[in-house]
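These values consider heavy atoms only, across backbone and side chains, with no hydrogens, waters or symmetry-generated copies. Naming convention: chains lettered A, B, ... in sequence-line order (proteins, then strands); numbering from 1 in each chain.
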Protein chains: 2
Amino acid sequence: MTVRLVKAFLKPLQKEDVLNISGGKRGRITIHEVASAAGVSISTASKALNDTGRMGAETRERVKRIAGEIGYRPNALARGLLSKRSFTIGLLTNDTYGRFTLPVMAGISDALVDHGVSVFLCAIEDDPALAQIHVDAMLDKQVDGIIATGKRLDRRLPVDLSNLHVPVVYAFTEGTQNSVTFRSDDEQGARLAVEWLVKAGRRRIAHITGPEEFFSVRERAGAYHVVAGHREPVLYGVWSESWGHEAVDQLWKRPGEKPDALFCGNDQIARGASDALRERGVKVPRDVSVIGFDNWEIVAAQTRPPLTTVDMELKELGRQAGLTVLALAEGRPVEPGVRKLPCRLIVRQSCGGKAPKD
Amino acid sequence: MTVRLVKAFLKPLQKEDVLNISGGKRGRITIHEVASAAGVSISTASKALNDTGRMGAETRERVKRIAGEIGYRPNALARGLLSKRSFTIGLLTNDTYGRFTLPVMAGISDALVDHGVSVFLCAIEDDPALAQIHVDAMLDKQVDGIIATGKRLDRRLPVDLSNLHVPVVYAFTEGTQNSVTFRSDDEQGARLAVEWLVKAGRRRIAHITGPEEFFSVRERAGAYHVVAGHREPVLYGVWSESWGHEAVDQLWKRPGEKPDALFCGNDQIARGASDALRERGVKVPRDVSVIGFDNWEIVAAQTRPPLTTVDMELKELGRQAGLTVLALAEGRPVEPGVRKLPCRLIVRQSCGGKAPKD
DNA sequence: GTCAAGTGAGAAAAGGTTTTCTCATGCAAT
DNA sequence: ATTGCATGAGAAAACCTTTTCTCACTTGAC
């Protein structure tokens, strides 16, 4: 076999050599080291570093300076043991391939890193047993709170979080009675899209979307009906490009006037529809405007032409969820209920027109 | 405003009511509760639960039973403080939108959950300051190890992890001297792809790929040359569908015989190429075989026809990285070096042929 | 009846930090 | 000169486990 083995970290000689504090204990640098280096007791050292207690300004400064010099960093485990705050939260998701979870996660992390909070990511794939294991592990590790997130607004995670003695916030997944839930305002998003088409002068707007049993499909379709009327049918199907393609075939095979705009339930459908239109020689956006939903960059930006679409602002959603769970963890009161966050229109080239005036 | 506020968790009346153990302390259930409920000392309780020490079998059983009944779970913070193992690792990534990180992460989590290890996810977006903040936070929280992962084999994360007193493993990103690094074997993957084309009887195999400065591009191109010879050119470009599209235009505009197969550097390029071929009336796979790289489901499966492609087995890569960092954390010696993990061919319909014989 | 060995269980220390309590000193006021 | 008070700093307890050490008691052997 081989000669050199990676065991170096067992003996942190680096550290030992650079700073031989107080008899070379083999562990990390503790507040004891700081105290003895500064010639004070550990209680004084602690108070100096935390800006608490009474002491001479000179002492406080000296302790702080020395702590900085020897690279002291408090052990969060010990601190957490006493304060009952671990500065750690758990993020539970069943969206393994991350279309929705990733932006949410980025938002949470972004909001919490400033507060010194780290995030445990737990991917449970609709497996109740696995979910329970992860929840138990998080609880054992004394998380300050849990955020549950998923890939669908109208589905629960396969684990009951309602009676934990730790705050829980739901983001982009169905919550429980009296919980705090964040979700996108799909109705407003759909309105945004359809109004954009109307403003562009389109009148025969068709809606190609996903399965009717999805709550967000019904919400979007509802808003579509309100704004566009019932002049064109709603085509329910699945969330795939090929359905978008097929739906266009269906629409164009019908006798009579063709739609002059397609409001699609997601970007994949919109992409399939765009491809189908191009194959039929129908020009986008000259003859027909196409608008998507989700702003999934990889799909929307690569469609020909690039898709105008609705962004659900999932990162902002995550940010708010993070701030909320933090507030709860700190005991600040938070109103329960469902909070709908507005969507935003992303204007690319599939509808003509310019960016919205706002 | 509103009436009911979510503060219930502050007073876990649920728990309190269900189990009024030993004077109703307001915190969690500790080993003290177990001990007093079982009529033994805390040391005996601890030994009973951990199957250590000497005691009567009856006592041991009784303690365990009672612990289970009152729902005792040891506080990982306290345990970690003493054992110096937090059963926590940190995962550092700069791949925010997760094409590569997500599978790696899933593998890590999958491998470690069985060992009671939880994973801190830290998304640093090529921001050295942010990276340092996250690393410090992880270290404060006494992680047992760190896995660094990225979106490119030949790039470092913007933070130096080489002198931490905690083990570090690199996965799908460039490591440091004497570290353990896991990466996909792109050469073998490319060989797999080109050999598959050759076996299907293709002789004029072109290679459309990404920017030449990518290490993996050069490795794949190298393997391509070895297997396919130098009969067709390598077209370097960018990682986009439109480049795939354009490259096909370039190839088909040349005089002389056209390629009968395209080995593409990733699935997006392959998709663009497939679209271009279809638009030219060239049938895939009848006239030309197309093969991709990455097995990015959302692209590969939605291409027409669905793409045969090379999967880098990132989940397995993550699994091994997880197991390795765990081994290091437990002090088991591990050989340093770069470990290349084999890729696997995913056969769909863009090359004809059946699944490999293995 | 004494001693050795073995058995079951508790006391105490340790881990790193924060916080409360106590103490000593010095100074001003009586 | 004694009291009262503010100030600076340390001792000790607490958080929850695990582990080592010690002790009391039983049993079997001489």
Side-chain angles (χ1 to χ4, degrees), chain A residues 21-22 25-64 66-67 70-88 116 139-142 144, chain B residues 21-23 25-64 66-67 70-87 116 139-144 165:
Chain A
I21 306 300
S22 82
K25 290 242 206 166
R26 63 182 122 287
R28 305 267 232 282
I29 295 166
T30 74
I31 200 167
H32 287 91
E33 272 78 57
V34 177
S36 76
V40 297
S41 70
I42 55 166
S43 14
T44 302
S46 173
K47 284 181 292 190
L49 295 171
N50 293 301
D51 277 327
T52 59
R54 291 179 319 202
M55 73 184 52
E58 187 274 336
T59 311
R60 200 181 288 278
E61 275 318 303
R62 181 164 42 90
V63 173
K64 281 183 175 175
I66 290 178
I70 68 182
Y72 166 70
R73 310 222 80 211
N75 181 328
L77 263 43
R79 186 186 288 212
L81 187 57
L82 200 51
S83 69
K84 300 190 168 306
R85 292 266 282 111
S86 63
F87 289 92
T88 281
L139 259 24
D140 289 352
K141 281 161 188 149
Q142 313 291 117
D144 295 334
Chain B
I21 306 299
S22 82
K25 290 242 204 163
R26 64 182 122 286
R28 306 265 231 283
I29 296 165
T30 75
I31 200 169
H32 287 92
E33 272 77 55
V34 177
S36 77
V40 297
S41 71
I42 55 168
S43 15
T44 302
S46 173
K47 285 182 292 190
L49 294 172
N50 293 302
D51 277 328
T52 59
R54 292 180 319 204
M55 73 185 54
E58 187 272 339
T59 312
R60 202 182 286 280
E61 275 318 305
R62 182 164 41 91
V63 172
K64 281 182 174 175
I66 290 179
I70 68 181
Y72 167 70
R73 310 222 79 210
N75 181 329
L77 263 41
R79 183 182 285 195
L81 187 57
L82 201 50
S83 68
K84 301 192 168 304
R85 292 267 281 113
S86 63
F87 288 91
L139 258 23
D140 289 352
K141 281 160 188 151
Q142 313 291 117
V143 290
D144 295 334
H165 51 288

Separation of atom [atom1] in [X] from atom [atom2] in [N], rounded to whole Å:
| X | N | atom1 | atom2 | result |
| --- | --- | --- | --- | --- |
| A:M55 | D:dG10 | CE | P | 9 Å |
| A:R28 | C:dA14 | CZ | C1' | 17 Å |
| A:N75 | C:dT18 | CG | C1' | 13 Å |
| A:I42 | C:dT18 | CD1 | P | 10 Å |
| B:D140 | C:dG16 | CG | P | 14 Å |
| B:L77 | D:dT18 | CG | C1' | 15 Å |
| A:H32 | D:dG10 | NE2 | P | 13 Å |
| B:K141 | C:dG16 | NZ | C1' | 16 Å |

Of the nucleotides [options], which one has an atom closest to the side chain of [X]?
| X | options | answer |
| --- | --- | --- |
| B:S41 | C:dG10, C:dA14, C:dG16 | C:dG10 |
| A:Y72 | C:dT17, D:dT18, C:dG10 | C:dT17 |
| B:L82 | C:dT17, D:dT17, D:dA9 | D:dT17 |
| B:K84 | D:dA9, C:dG15, D:dT18 | C:dG15 |

Residue from A:V40, A:T44, A:V63 passing side-chain contact (heavy atoms from CB on, under 4.5 Å) with A:M55: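 Filter result, single survivor: A:T44.
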Upstream residue (5' side of DNA chain C) when A:R54 and A:T30 are each assigned their closest nucleotide: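 Residue closer to the 5' terminus by nearest nucleotide: A:T30.
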Contact residues, residues 43-52 of chain A to DNA chain C [heavy atom, < 4.0 Å]: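 Per residue number, the list reads A:S43, A:S46, A:K47, A:N50.
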B:T30 and B:N75: CA distance, side-chain angles, deciding distance, side chain to side chain contact (heavy atoms under 4.5 Å, CB included) verdict: CA-CA 8 Å; B:T30 75; B:N75 181 329; over 6 Å; no
Sugar-phosphate only, base, or nothing, as touched by A:S83 at under 4.0 Å among non-hydrogen atoms: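 If one applies the 4.0 Å heavy-atom cut-off, A:S83 turns out to touch nothing in the nucleic acid.
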Sugar-phosphate, base or nothing in reach of B:R79, heavy atoms under 4.0 Å: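 Since only primed, P, OP1 and OP2 atoms lie under 4.0 Å of B:R79, the category is sugar-phosphate.
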Residues which pass side chain to side chain contact (heavy atoms under 4.5 Å, CB included) with A:R73, listed by chain and number, not counting sequence neighbours: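 Only B:D136, B:D140 meet the side chain to side chain contact (heavy atoms under 4.5 Å, CB included) criterion with A:R73.
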Rounded distance (nearest 0.5 Å) linking atom CG of A:D51 with atom CZ of A:R60: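 CZ of A:R60 is found 5.0 Å from CG of A:D51.
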Sidechain-backbone polar pair: B:E61 side chain, B:E58 backbone, donor-acceptor under 3.5 Å: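 No, the answer is negative, given that no donor and acceptor are paired below the 3.5 Å cut-off.
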B:G53 vs B:L81, nearer the 5' end of DNA chain D by closest nucleotide: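 By nearest-heavy-atom nucleotide position, the 5'-most residue is B:L81.
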Residues that B:R79 engages under salt bridge (Lys or Arg N to Asp or Glu O under 4.0 Å), provided they are two or more places apart: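 With sequence neighbours excluded, B:R79 shows a salt bridge (Lys or Arg N to Asp or Glu O under 4.0 Å) to no residue whatsoever.
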